Amino acid sequence: MVDCREIDADTPQEFLRETVERHYQRGFDRADSQYNAMALLGLKCKSALPFRNHLADHHLESFVAADAELIDWHLSTPPEHRNDRTYQQALRLVDGEILRHRPPDRPHRTYQLNQIEKYLRKTLPVLQPFGTPWPDRDRIYDENDLDHRLFPDRSDLHALPPRVKLRITDARTWLEHAGRGTVPSADDLVQVSSPL
């Protein structure tokens, strides 16, 4: 985390720009390109509220990563009960149907069977290997014509990868909700960091 006392800013916009710039630059030791550094910044700043709303009784803690009851349970529960089975039982208490769907690349309930089938699908020419369980973001982006919906007046941004364009839209949405005021343009967000 950035210590706010280290940043010398006169305006909230300047403070935000310097904070985002600092986190973006720190990502380069873990990223191999500017786009991956932007994705890393987006992951660091991603809100945990939708997940919390699904799992909690619609309340917010002051620091969601350190729920006091969860930490207390973890510290007071013997290690033999802190396992996958206990975790899955807790998930079923929240939603009995949460685990009914199996990922396409893990059709079996046991790790060993999934690994055996994965190996056979890669080795035997008569079987197709598992595809990725993730949707094709580029195809979905194009099918929904999001360039024209999200950036109708910015054709110069259309050449960027969909991942980056979605991050720009995320940032604008988060800033809009945080500030409830003026929202920076896509141009401002792209120029947050000059080494692009």
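Because the structure is predicted, anything quoted here is derived from the model rather than measured.
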Gap separating the [atom1] atom of [X] from the [atom2] atom of [Y], nearest 0.5 angstrom:
| X | Y | atom1 | atom2 | result |
| --- | --- | --- | --- | --- |
| Q128 | K122 | CD | NZ | 14.0 Å |
| E14 | T11 | CD | OG1 | 5.0 Å |
| T123 | K118 | OG1 | NZ | 11.5 Å |
| H158 | L150 | NE2 | CG | 8.5 Å |

Can you list everything that forms a side chain to side chain donor-acceptor pair (under 3.5 Å) with [X]? Sequence neighbours excluded, please.
| X | result |
| --- | --- |
| R102 | none |
| D84 | none |
| R163 | N36 |
| E117 | H108, R121 |

N/O donor-acceptor pair under 3.5 Å between [X] side chain and [Y] backbone:
| X | Y | value |
| --- | --- | --- |
| N83 | E80 | yes |
| H148 | D153 | no |
| N144 | L146 | no |
| T86 | R82 | no |

Q. Considering all heavy atoms of both residues, which atom of L160 and which atom of V164 are nearest to each other, and what is their separation?
A. CD1-CG1, 4.1 Å
Q) Tell me, do L127 and L124 make a side-chain contact under 4.5 Å, heavy atoms counted? A)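 Contact flag for L127/L124 side chains = yes.
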Q. So, do D136 and Y141 sit near enough that their side-chain heavy atoms are less than 4.5 Å apart?
A.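 Result no, sub-4.5 Å side-chain heavy-atom pair not found.
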Q: Please collect all salt bridge (charged side-chain N to carboxylate O under 4.0 Å, His left out) contacts where either partner lies in residues 140-150, sequence neighbours excluded, each pair once.
A: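 Applying salt bridge (charged side-chain N to carboxylate O under 4.0 Å, His left out) to every pair that reaches into residues 140-150, excluding sequence neighbours, yields R139-E143, D147-K165.
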Q.
side-chain contact (heavy atoms from CB on, under 4.5 Å) for T169 and F151? Distances and angles first, verdict last.
A. CA-CA 9 Å; T169 303; F151 306 106; 3.7 Å; yes
**Q.** Partner residues of E97 under the side-chain contact (heavy atoms from CB on, under 4.5 Å) criterion, sequence neighbours left out
**A.**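 Testing E97 for side-chain contact (heavy atoms from CB on, under 4.5 Å), a comparison that skips the adjacent residues, returns D95, R100.
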Q) Hey, any chance I98 and L93 share a hydrophobic cluster, counting ILVMFWY side chains that come within less than 4.5 Å of each other, even indirectly? A) no
